[in-house]
Amino acid sequence: MISPCLDLNEKGHLTISGCDTVELAKQYGTPLYVMSEDQVRQACRSYVSSFQRFYGGHGKPIYASKAFSCKEIYRIVLSEGLDVEVVSGGELYTALQAGVPGERIHFQGNNKSIKELALAIENGVGDIVADHLEELDLIQAAAKERGVVAPVSLRITPGIDAHTHQFIRTGQIDSKFGIDLQSGAAMEAVKHALSLENVKLTGLHCHIGSQILEKEPFVHAAQVMLDLYHQVKVETGAALDHLNLGGGFGIHYKEEDQAIPYEAYMEAVSAAVHQKCGELGLALPRIFIEPGRSIVGEAGITLYTVGYVKDIPGVRTYVDIDGGMFENPRYALYQSDYTCLIANKASQPADFVATIAGKCCESGDLIQEHTKIQTPQAGDILAVLSTGAYNYSMASNYNRNPRPACVMVREGTSRVIIKGETYEDLVRNDL
Ligand code: LLP
């Protein structure tokens with residue numbers, strides 16, 4: 001199984017954290033997002049302990065909540081000692097509602113509105129990550145109006161091209177994110193931030209992309225960012241507090257994916273950080289990282305009920321499910337890989353080649369093409385694995401489909417953490 005929380009029981013059914021997925025489908029209905037709390041906590045712990053091991057605790061992991069945002073996930077990661085990153089007023093509001101203290105929130109975004117900045121400043125957000133030089137002036141004005149000094153870091157585009165899907169690559173020069181390093185814009189923004197009375201520049205940030213399966217781009221980014229960190233000290237005399245190296249660590253979607261264990265990234269990057277600091281005579285900054293997918297991705301699965309099985313001889317066989325791109329748009333957007341299986345026949349051979357089709361009125365509404373599953377028939381429960389990240393958080397109501405419920409499972413027990421939407425919810429804001 002591609003994730004440690006998954007197994008088979010004596011009935012040959014797929015289980016997650018000790019819960020029979022066929023029973024979960026019966027109890028809560030489908031489509032259904034299921035997430036293993038055990039696995040989320042395990043991932044958090046492995047990051048926290050890596051910080052002890054490789055940086056002597058001098059830094060911290062921050063959960064990038066764009067991967068999966070709801071009140072319960074904020075409570076869980078907070079209780080494991082992680083800070084949280086938010087990227088919109090909505091995520092910020094949800095985190096605050098869940099009880100995350102402002103000072104443990106890091107606020108990203110390439111075009112934060114004045115209203116969003118005000119919400120952050122009024123709630124004492126501990127780290128506003130500015131994406132443009134001009135944003136610094138907006139933060140300055142909002143902080144001055146409220147008589148406070150806002151802690152700010154700067155998102156830098158380090159010019160590193162990570163090998164991942166082009167839509168989720170962010171560190172290269174041609175990016176809508178961040179302040180460019182090569183042109184000198186980064187140093188200009190540093191100097192501008194230092195000149196502002198109601199802004200306290202605390203650190204530098206970069207994020208090079210997502211679902212990256214190699215260590216080298218992270219090592220390279222750390223080296224480039226430490227050079228800048230050092231240059232800031234030399235040119236301005238300012239001693240910053242932290243360097244945030246972003247997220248992006250890849251996970252398993254298919255058995256054959258070569259996901260690197262988190263500890264291995266941490267080990268390689270920390271070795272490079274320590275070496276570079278030694279070369280530059282620089283005291284070790286606090287190191288932050290911002291994993292999202294690798295905290296929740298493999299902990300989640302989605303359960304569906306199979307409807308029609310449509311064979312087009314010599315072409316392909318479509319297996320229709322009761323979900324689709326409205327609750328998992330990732331295949332339609334990125335042709336993402338997934339492992340699919342029939343949960344109630346999980347111990348049988350997966351030798352049936354299927355195209356899993358959603359129920360939206362769109363030919364591209366597919367979850368996977370030409371994938372091997374157990375022989376399907378109407379009424380079977382189809383499971384799609386590794387859907388914990390960027391599924392619920394990217395869901396929509398396309399074709400007025402209600403978003404499914406999310407159930408959290410732990411040591412054989414289950415509870416709803418997000419209720420499924422109803423038809424009444426769909427018309428709530430219609431006038
Ligand atoms: N920090 C920043 C500033 C980010 O932009 C991101 C992801 C992360 C951290 C977390 O990256 P992760 O550890 O989750 O890879 N919707 C796409 C992924 C978009 C990622 C956007 N930024 C997908 O479904 O693959």
Side-chain angles (χ1 to χ4, degrees), residues 3-6 16-19 33-88 90-108 120 123-127 151 242 244 246-247 249 251 261-263 265-266 286-301 386-393 405-419:
S3 164
C5 60
L6 303 175
I16 176 163
S17 274
C19 292
Y33 297 114
V34 185
M35 182 156 292
S36 160
E37 182 172 349
D38 306 315
Q39 171 110 5
V40 171
R41 289 190 181 275
Q42 177 48 41
C44 292
R45 284 171 200 170
S46 99
Y47 278 120
V48 170
S49 65
S50 293
F51 267 94
Q52 282 306 331
R53 185 156 161 226
F54 297 114
Y55 295 105
H58 199 60
K60 59 188 161 189
I62 300 166
Y63 170 59
S65 66
K66 69 204 77 186
F68 178 62
S69 172
C70 68
K71 287 201 225 169
E72 187 65 358
I73 199 72
Y74 289 117
R75 295 183 197 114
I76 291 171
V77 300
L78 195 70
S79 74
E80 292 295 339
L82 276 67
D83 277 8
V84 305
E85 182 237 357
V86 298
V87 75
S88 68
E91 285 182 359
L92 172 56
Y93 180 80
T94 312
L96 291 168
Q97 287 288 307
V100 182
E103 69 265 19
R104 289 181 63 180
I105 300 179
H106 304 254
F107 189 18
Q108 295 273 352
N123 286 284
V125 162
D127 180 24
H242 67 258
N244 184 335
F249 315 108
I251 65 164
Y262 322 138
E263 288 80 4
Y265 286 113
M266 295 290 288
R286 286 204 300 152
I287 300 294
F288 298 168
I289 57 166
E290 263 171 2
R293 190 190 310 266
S294 53
I295 302 273
V296 288
E298 289 179 17
I301 63 172
S386 299
T387 58
Y390 305 112
N391 272 230
Y392 173 75
S393 66
C406 180
V407 163
M408 189 67 97
V409 290
R410 179 181 190 176
E411 293 173 359
T413 62
S414 63
R415 65 185 199 279
V416 175
I417 60 161
I418 306 171
K419 288 198 253 174

Are the side chains of [Y] and [X] in contact, using a 4.5 Å heavy-atom criterion?
| X | Y | result |
| --- | --- | --- |
| Asp83 | Asp127 | no |
| Glu85 | Asn244 | no |
| Phe51 | Met266 | yes |
| Pro4 | Gln42 | no |
| Tyr265 | Ile289 | no |
| Lys66 | Tyr390 | yes |
| Val77 | Tyr47 | no |
| Ser17 | Cys5 | yes |

(message) Apply side-chain contact (heavy atoms from CB on, under 4.5 Å) to residues Ser69 and Tyr74 and explain how you reach the verdict.
(response) CA-CA 7 Å; Ser69 172; Tyr74 289 117; 2.9 Å; yes
Inter-residue atom distance [X].[atom1] - [Y].[atom2], 0.5 Å rounding:
| X | Y | atom1 | atom2 | result |
| --- | --- | --- | --- | --- |
| Leu92 | His106 | CG | NE2 | 12.5 Å |
| Asn391 | Ile301 | CG | CD1 | 11.5 Å |
| Lys60 | Leu82 | NZ | CG | 10.0 Å |
| Cys70 | Arg75 | SG | CZ | 8.0 Å |
| Cys406 | Lys419 | SG | NZ | 14.5 Å |
| Ile16 | Met408 | CD1 | CE | 10.0 Å |

(request) Carefully, step by step, assess Phe249 and Tyr262 under the rule ring pair (Phe, Tyr, Trp, His ring centres under 6.0 Å). (result) CA-CA 7 Å; Phe249 315 108; Tyr262 322 138; 7.5 Å; no
So which heavy atom on [X] is nearest to which on [Y], and how close?
| X | Y | value |
| --- | --- | --- |
| Glu72 | Ile417 | CG-CG2, 3.6 Å |
| Ser386 | Ile251 | CB-CD1, 4.3 Å |
| Ile295 | Cys44 | CG2-SG, 4.0 Å |
| Gly412 | Cys19 | C-SG, 3.4 Å |
| Ser294 | Ala43 | O-CB, 3.7 Å |
| Tyr63 | Gly292 | CE1-O, 3.9 Å |

(request) Not counting sequence neighbours, which residues clear side chain to side chain contact (heavy atoms under 4.5 Å, CB included) with Ser88? List them please. (result)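 So Ser88 forms a side chain to side chain contact (heavy atoms under 4.5 Å, CB included) with Glu91, Glu116.
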(request) I would like to know whether Lys71 and Thr94 meet side-chain contact (heavy atoms from CB on, under 4.5 Å); could you show each step before the answer? (result) CA-CA 6 Å; Lys71 287 201 225 169; Thr94 312; 4.1 Å; yes
(request) Please identify each residue that fulfils salt bridge (Lys or Arg N to Asp or Glu O under 4.0 Å) with Glu298, with sequence neighbours left out. (result)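 Scan of Glu298 (salt bridge (Lys or Arg N to Asp or Glu O under 4.0 Å), adjacent residues dropped) gives none.
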(request) Quick one: list whatever passes salt bridge (Lys or Arg N to Asp or Glu O under 4.0 Å) with Arg41, sequence neighbours left out. (result)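 Testing Arg41 for salt bridge (Lys or Arg N to Asp or Glu O under 4.0 Å), a comparison that skips the adjacent residues, returns Glu37, Glu80.
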(message) Using only atom types and a distance under 3.5 Å, with no angle test, would you say the side chain of Arg104 pairs donor to acceptor with the backbone of Gly126?
(response) no
(request) Evaluate the criterion side-chain contact (heavy atoms from CB on, under 4.5 Å) for residue pair Phe68 and Val40; output intermediate values, then yes/no. (result) CA-CA 11 Å; Phe68 178 62; Val40 171; over 6 Å; no
(message) We want to know whether Tyr33 and Thr387 form a side-chain donor-acceptor pair, criterion being a heavy-atom distance below 3.5 angstrom.
(response) no
(request) Report the C-alpha separation of Leu96 and Ile105 in whole Å, then their side-chain angles, then the decisive distance to 0.1 Å, and conclude whether the side-chain contact (heavy atoms from CB on, under 4.5 Å) test is met. (result) CA-CA 9 Å; Leu96 291 168; Ile105 300 179; 3.9 Å; yes
